[in-house]
Amino acid sequence: MGRGLSMFNADQRLVMCNRLYREIYQLPARLTRPGTSLASIVRYHVRRETGRDDAGERAKQRAWIKGHVAQLARGKTFVHVQRLKSGRIVQVTNQPLAAGGWIDIQEDITERRRAEERIDWLAHHDPLTETANRTQFGNELEHALLQLKHGSSFALHWIDLDRFKAVNDTLGHPAGDALLKSVAKRLLKAVRKPDLVARLGGDEFAVIQVGATRAEAEVLGKRLVKALREPHLALGHRLETSASIGIALAPEHGTNADELMHNADLALYRAKAAGRAASVVYEPARDTHGCARGVLEADLKRALAEEQLELHYQPIIDSRTSAVNSFEALMRWRHPERGLLAPGEFIGLAESTGLIIEIGAWAIRRACTDAATWPAPIKVTVNLSPVQFESGDLYETIVGAIASSGIDPQRIEVEITESVLLRDDPKTHALLHKLRDLGLRIALDDFGTAYASLSYLRSFPFDKIKIDRSFVRDLNSVRREDSIAIIRAVASLAKQLQMTSVAEGVETAEQIESVLVAGCDELQGFYFSTPVPAGDVPGLLSRGAPTRPRQRSVAIDGVDLMGATARRA
Ligand code: C2E
Ligand code: CA
Ligand code: CA
């Protein structure tokens, strides 16, 4: 690159300069002639860089020159760095001359500086999301902990995206990356300036909320959950995700990093267990006993042996006849200390520990035995976890359950989610076909929550599509028009493919009205009944189906609500 070079005499006037010197400061010819004063060069330069040329500024320049010359007069070389408006970074070396005056050497260090800054930046940031990385998070956490001594407080939010893996697996890493970027952007937008947003790896983020009280932490937690819930546009996909957040407060829940992170993690685990898309503040009493993973896992192992598991049944209603077509079996765990637990609190754990294979097999047998006592042709619907497909003896389990209960296989439905098909394993496809050959019906559950839904519909000839309850829920929100359009499209696609469409999670008469108009064949939701214990099924069936929808009421207490049924508008 070469260097800029200039020489000034003891009177602070230019003796000579080279081309690069003129270029760096973009000096006009009149200011590069010998005899030009340093003052006029500085004045021109400042005006170029800052636009300022007032009396105050000129006084400042005179003071600067005075200091500069005084420093040179001490006879030592010195160096300073200038950042120019153009973005150039210039290192200036001033060498005093024996006879008075000095030489300036300008070196363009823009590239070097940028590289250094980048390296420094990379050491403290996650390059993908441009948020702080684990190192920087650790530094900031230590810093915040030190501040506690001065009476301050802060909150640590531990954030984990729900079902992020599904995006990566179905749409590929570029889409996953785009989603992470969008998530980071929303987090950054939702926090205040002094707060820190960090990506700790994978789909885990953290926020250090500086100076926060419990109330403020709760507010921010809720705001973050809400912000992440809005659909993300990423590489042309409309991606939906949600986040679970565990919050630990300092100093209340810990005064060192390990303790705080551990407690935030326990709270996060409870947020996930409570059904995800929630923020939860650490509570010593609940999080250390009831929810610690290890304890729960040991409990779950015992649950099967000690017959603490139950199946509850929720009716699925024919939208033409208002009759009950089937009952979906939904697992419950009657925990000796914690009461009746919903699957959200233990299925994930059962899947990650492999216990789901045994538990799932139990559910299949139990469901067949229960359903064999119901009047035909009422069906039973069993949920299957992707993990059960990996184990190898699912087919034998199902055949065994049919044989020992004596139920007609045509009265059995199984529900799988798209994640079962994710790996595109020929063995899975073969197994599903074998089940159909037995006479079982196969339903695609939670349709619309994963990301490549349509391609999965084509990859296997499902008998049924269950439209995820989030679309029905959105009928009451600003996204109403979108969700009507989606429900209608899915219902009509199902018709074309000769599949049955089910609307999940209908709670109100208005929602029923909408999904019926959209053309759904079957309805399921609290409006008709919550899931009820097996013993309540006969009563629920004998109550029959009246012809008029109930008023507005949201059904929440099970059997009694079966009185209600929908009709076409
Ligand atoms: P899912 O298969 O989508 O089951 C429907 C869930 O929606 C049930 O939650 C049901 O209680 C709830 N629900 C039904 N109607 C309404 C409504 O109108 N409003 C609202 N807000 N919710 C409604 P539940 O019983 O907590 O089950 C959650 C999930 O756990 C199930 O979602 C299913 O994926 C899984 N699951 C349940 N039982 C089993 C099982 O035996 N095996 C496996 N692998 N998974 C199971
Ligand atoms: Ca289901
Ligand atoms: Ca579902």
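Just so you know, ligand 1 is whichever comes first in the structure, and atom 1 is the first atom listed for that ligand.
- Looking at Glu504 against ligand 1, only its side chain comes within 4.0 Å, counting heavy atoms.
- Of all atoms in ligand 1, numbered sequentially from 1 with element shown, those under 4.0 Å from a heavy atom of Glu328 are 2 (O), 4 (O).
- In the displayed structure, Glu351 atom CD is contacted under 6.0 Å by more than 12 heavy atoms of other residues, nucleotides or ligands.
- If you look at Gln314 next to ligand 1, the close heavy atoms, those under 4.0 Å, all belong to the side chain.
- Inside a 4.0 Å radius of atom 34 (O) of ligand 1 there is not any protein heavy atom.
- For the Ca ion (ligand 2), the count of nearby protein N, O or S atoms, meaning those under 3.0 Å away, is 4.
- The closest approach between a heavy atom of Arg332 and any atom of ligand 1 is below 4.0 Å.
- Remark: His157 pairs with no residue by the ring pair (Phe, Tyr, Trp, His ring centres under 6.0 Å) rule, at least two apart or across chains.
- Note that atom 38 (N) of ligand 1 has protein non-hydrogen atoms nearby, at separations under 4.0 angstrom.
- Using a 3.5 Å distance cut-off with no hydrogens or angles, the side chains of Ser242 and Asp162 do pair a donor with an acceptor.
- Within the 4.0 Å heavy-atom criterion, the part of Asp445 lying near ligand 1 is the side chain and not the backbone.
- Taking all heavy atoms of Phe526, Phe346, Tyr527 into account, the minimum distance to atom 22 (N) of ligand 1 is reached by Phe526.
- In this structure, CD1 on Ile416 lies 9.5 Å from CG on Asp445, to the nearest 0.5 angstrom.
- For the pair Lys434 and Asp437, the salt-bridge criterion is not met [side-chain N within less than 4.0 Å of a carboxylate O].
- Scanning all protein heavy atoms for the shortest distance to atom 40 (C) of ligand 1 gives Met331 CE, 3.7 Å.
- At least one heavy atom of Gly505 sits closer than 4.0 Å to an atom of ligand 1.
- Considering each of Thr417, Leu523, Asn383, the one bringing a non-hydrogen atom nearest atom 46 (C) of ligand 1 is Asn383.
- Side-chain contact check for Gln524 and Glu328: at least one donor-acceptor pair (N or O, by modelled atom type) lies under 3.5 Å.
- Under 3.5 Å, the side chains of Ser244 and Asp160 contain no donor-acceptor pair of N or O atoms.
- Of the possible polar contacts, none joining the Glu306 side chain to the Arg302 backbone as a donor-acceptor pair under 3.5 Å is found.
- Side-chain contact between Asp474 and Asp482: absent, with no pair of heavy atoms (C-beta onward) separated by less than 4.5 Å.
- The CG atom of Leu309 sits 10.5 Å away from atom CD of Glu358, with the distance rounded to the nearest 0.5 Å.
- The single protein non-hydrogen atom nearest to atom 12 (C) of ligand 1 is Arg469 NH1, 3.6 Å, given as residue, atom name and distance.
- Here the CD-CG distance, from Glu345 to Leu340, works out to 9.5 Å after rounding to the nearest 0.5 Å.
- With Glu413 as the fixed residue, the salt bridge (Lys or Arg N to Asp or Glu O under 4.0 Å) test singles out one of Lys464, Arg436, Lys466: Lys464.
- If you check which protein heavy atom lies closest to atom 4 (O) of ligand 1, you get Leu330 CD2, 3.5 Å.
- Annotation: side chain of Glu230 is in contact with side chain of Arg479 (closest heavy-atom distance under 4.5 Å).
- Contact annotation for atom 9 (O) of ligand 1: protein absent (non-hydrogen atoms, distance under 4.0 Å).
- Note that CH2 of Trp158 is 13.5 Å distant from CD1 of Ile247, once rounded to the nearest 0.5 Å.
- Within the 4.0 Å heavy-atom cutoff, Lys466 does not count among the residues contacting ligand 1.
- When hydrogens are left out, the protein atom nearest atom 21 (N) of ligand 1 is Glu507 OE2, 3.1 Å; that is the closest non-hydrogen contact.
- Val380 is listed as a side-chain neighbour of Trp374, based on a closest heavy-atom distance under 4.5 Å.
- At a heavy-atom cutoff of 4.0 Å, ligand 1 is contacted by no atom of His312, backbone or side chain.
- In this structure, atom 3 (O) of ligand 1 lies nearest to the protein heavy atom Asp446 OD1, 3.2 Å.
- Close approach to Val506 involves these atoms of ligand 1, each under 4.0 Å from a residue heavy atom: 18 (O).
- Atom 11 (O) of ligand 1 has its closest protein heavy atom at Pro531 CG, 3.5 Å.
- In this structure, Lys181 NZ and Leu179 CG are separated by 11.5 Å, a value rounded to the nearest 0.5 Å.
- Closest to atom 24 (P) of ligand 1 by heavy atom, among Ala363, Pro343, Ser385, Ala342, is Pro343.
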